[in-house]
Amino acid sequence: MPLSHLVLLAVMMQAQSAESPAARDARMAWWRDARFGMFIHWGAYAVAAGTYKGERIPGIGEWIMSRAHVPIPDYEEFVHRFNPVRFDPDAWVRIAKDAGMKYIVITSKHHDGFAIFDSKISRYDIVDATPYKRDALKALAQAAHRAGMRFGVYYSIMDWHHPDAQGPNAPEYNSSTWSNANFGRYVENYMKPQIKELLTQYPEIDVLWFDGEWIADWNDERGRDLYAFVRGIRPTLIVNNRVGHTRQGLSGLNQAGQIGLGDFGTPEQQVPPEGLPGVDWETCMTMNDTWGYKSYDDDWKDTRTLLRTLIDVASKGGNFLLNVGPTAEGVIPTPIVSRLHEMGDWMKANGEAIYGTTVSPYGRPAWGRYTAKRGKVYAHVFDWPKDGRLALTGLPDRPLAASLLADGTPLTIERADSGFVVQLPRVPPSTIASVVVLQVGGGSGGSAGSGGSIR
Ligand code: GLC
């Protein structure tokens with residue numbers, strides 16, 4: 001390796017390791033407190049909406065180009081028809097904010113290679129290649145900031161459109177073994193310049209969420225370079241672990257059971273049974289069975305499942321990035337809006353037990369979950385005991401006080417053979433999860449909070 005490369009490598013490795021724990025905590029602070037965000041998958045696949053040449057294509061909607069072997073010129077037709085005339089960025093942000101979400105991460109460019117931002121180095125973008133001609137990403141970023149929400153972008157390393165990546169010269173779009181001899185050119189002349197555009201044209205971006213890193217031409221060396229590159233442009237940036245090549249399947253972990261590169265792990269469509277102790281992580285999940293819009297996918301999870309998943313994630317020290325797939329016209333489908341609205345109702349009354357909380361210090365009780373904050377433990381009761389007696393499983397000491405979070409009703413605590421028991425009213429405040437606030441002495445609640453993250 002030439003000396004210049006060695007020097008570069010040393011600088012790159014320093015960028016990943018030089019940050020002090022305190023500086024890292026400061027950079028991650030808003031993200032750790034947020035706990036709940038909106039993922040948005042939106043692009044030309046929403047035009048196809050799961051159907052190609054009259055045939056319903058199985059699988060996730062944003063993969064239709066690969067699943068149906070759509071030739072590039074045919075797929076470009078979807079792009080030419082992408083005209084989200086009903087896109088209202090403030091309305092999208094309002095839906096997210098009312099649900100209690102604190103940040104939004106949207107696909108700036110998915111595997112299909114089409115960019116929904118104004119890219120100067122590519123004409124395969126929303127401004128140059130669609131009748132819409134406007135920069136939707138900019139509009140959404142600005143709307144998010146107006147509403148006090150954080151903003152991030154997803155960017156696919158794999159690219160089914162670019163000739164130097166997995167485009168016209170590849171035998172198939174998605175391959176983990178085929179290699180493009182010109183891939184380095186794609187990285188230096190296209191991908192990094194596009195990412196630089198994102199980080200210079202959009203000051204709102206706080207999170208870079210990479211994906212499509214399993215291709216043969218990607219590796220951890222490239223990942224380290226990319227990580228140093230993006231943090232070099234914006235030092236406060238938070239980057240997911242798919243910047244590296246190490247992820248095995250949907251767990252978001254590498255073979256050693258670690259998140260590998262980047263700042264946080266990305267379990268997909270699953271909540272790790274024990275969380276991911278010692279590291280930051282975020283579970284991303286669909287509300288039906290697709291990320292990108294499919295007109296006929298009605299397999300919606302109910303509000304109870306979604307909320308309990310959020311609580312489960314928070315109790316294990318993670319974030320929950322819940323996906324929305326808007327239509328090609330720019331509308332978030334009604335089943336999504338109604339569920340998010342119901343989640344928002346619960347969050348308005350109980351958000352204190354989610355935001356800024358840390359991993360449960362007392363394991364997982366049979367009736368629900370615990371979250372914690374300094375001096376407080378929140379008992380999220382899924383199954384309201386018929387006899388009105390809530391056994392505080394795992395609590396070593398008698399809490400100083402107990403009350404219902406929803407309305408402040410004080411509750412009595414008794415000592416029983418099995419430990420401590422809170423006497424509950426007959427009717428639960430919520431059929432999904434009722435929160436009992438336990439005041440705990442000094443350190444016991446919050447101090448255990450180091451669990452979910454590196455702190
Ligand atoms: C997968 C899919 C992709 C989706 C992503 C979300 O990696 O390839 O379509 O965007 O998961 O986590």
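Every number for a ligand or one of its atoms is a count from 1 in the order of the listing. Keep in mind that what you see is a predicted model, and the values were worked out from it rather than measured.
Remark: among candidates M158, Q269, E62, H41, the nearest residue to atom 10 (O) of ligand 1 is H41, based on non-hydrogen atoms.
Counting heavy atoms from C-beta outward, F39 and V324 have side chains that stay 4.5 Å or more apart.
Interface atoms of ligand 1 facing C284, defined by a heavy-atom separation under 4.0 Å, are 12 (O). The H110 neighbourhood of ligand 1 comprises atoms 3 (C), 4 (C), 9 (O), 10 (O), with distances under 4.0 Å to a heavy atom of that residue. Every atom of ligand 1 with a heavy atom of D211 under 4.0 Å away is listed here by number and element: 1 (C), 2 (C), 3 (C), 4 (C), 5 (C), 7 (O), 8 (O), 10 (O), 11 (O). Remark: ligand 1 atoms within the under-4.0 Å shell around heavy atoms of Y154 are 10 (O). The atoms of ligand 1 that sit less than 4.0 Å from any heavy atom of W63 are 2 (C), 3 (C), 8 (O), 9 (O).
In this structure, atom 1 (C) of ligand 1 lies nearest to the protein heavy atom E268 OE2, 3.2 Å.
Close N/O approach between W214 and ligand 1 is not found [any backbone or side-chain N/O within under 3.5 Å]. Distances between N or O atoms of R242 and those of ligand 1 include at least one value under 3.5 Å. Not a single N or O atom of W209, backbone or side chain, sits closer than 3.5 Å to an N or O atom of ligand 1.
Looking at Y45 against ligand 1, nothing comes within 4.0 Å, counting heavy atoms.
Ring to ring, Y173 and H111 are not that close: their centroids are 6.0 angstrom or more apart.
Salt bridge status for E268 with R242: present, with a side-chain N to carboxylate O gap under 4.0 Å.
Of all non-hydrogen atoms in F151 and A144, the two that sit nearest each other are CD1-CB, 4.1 Å. Listed here is the closest heavy atom pair of W178 and A170: CZ3-CB, 3.4 Å.
Relative to the ring axis of F117, K138 does not place its NZ or CZ within 45° and under 6.0 Å from the centre.
Within 6.0 Å of NE2 on H341 lie no more than 12 heavy atoms contributed by other residues, nucleotides or ligands.
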Donor-acceptor list for residues 50-70 side chains, cut-off 3.5 Å, not counting sequence neighbours:
residue: Y52; atom: OH; partner: D74; partner atom: OD2; Å: 2.7
residue: E62; atom: OE1; partner: G292; partner atom: N; Å: 3.0

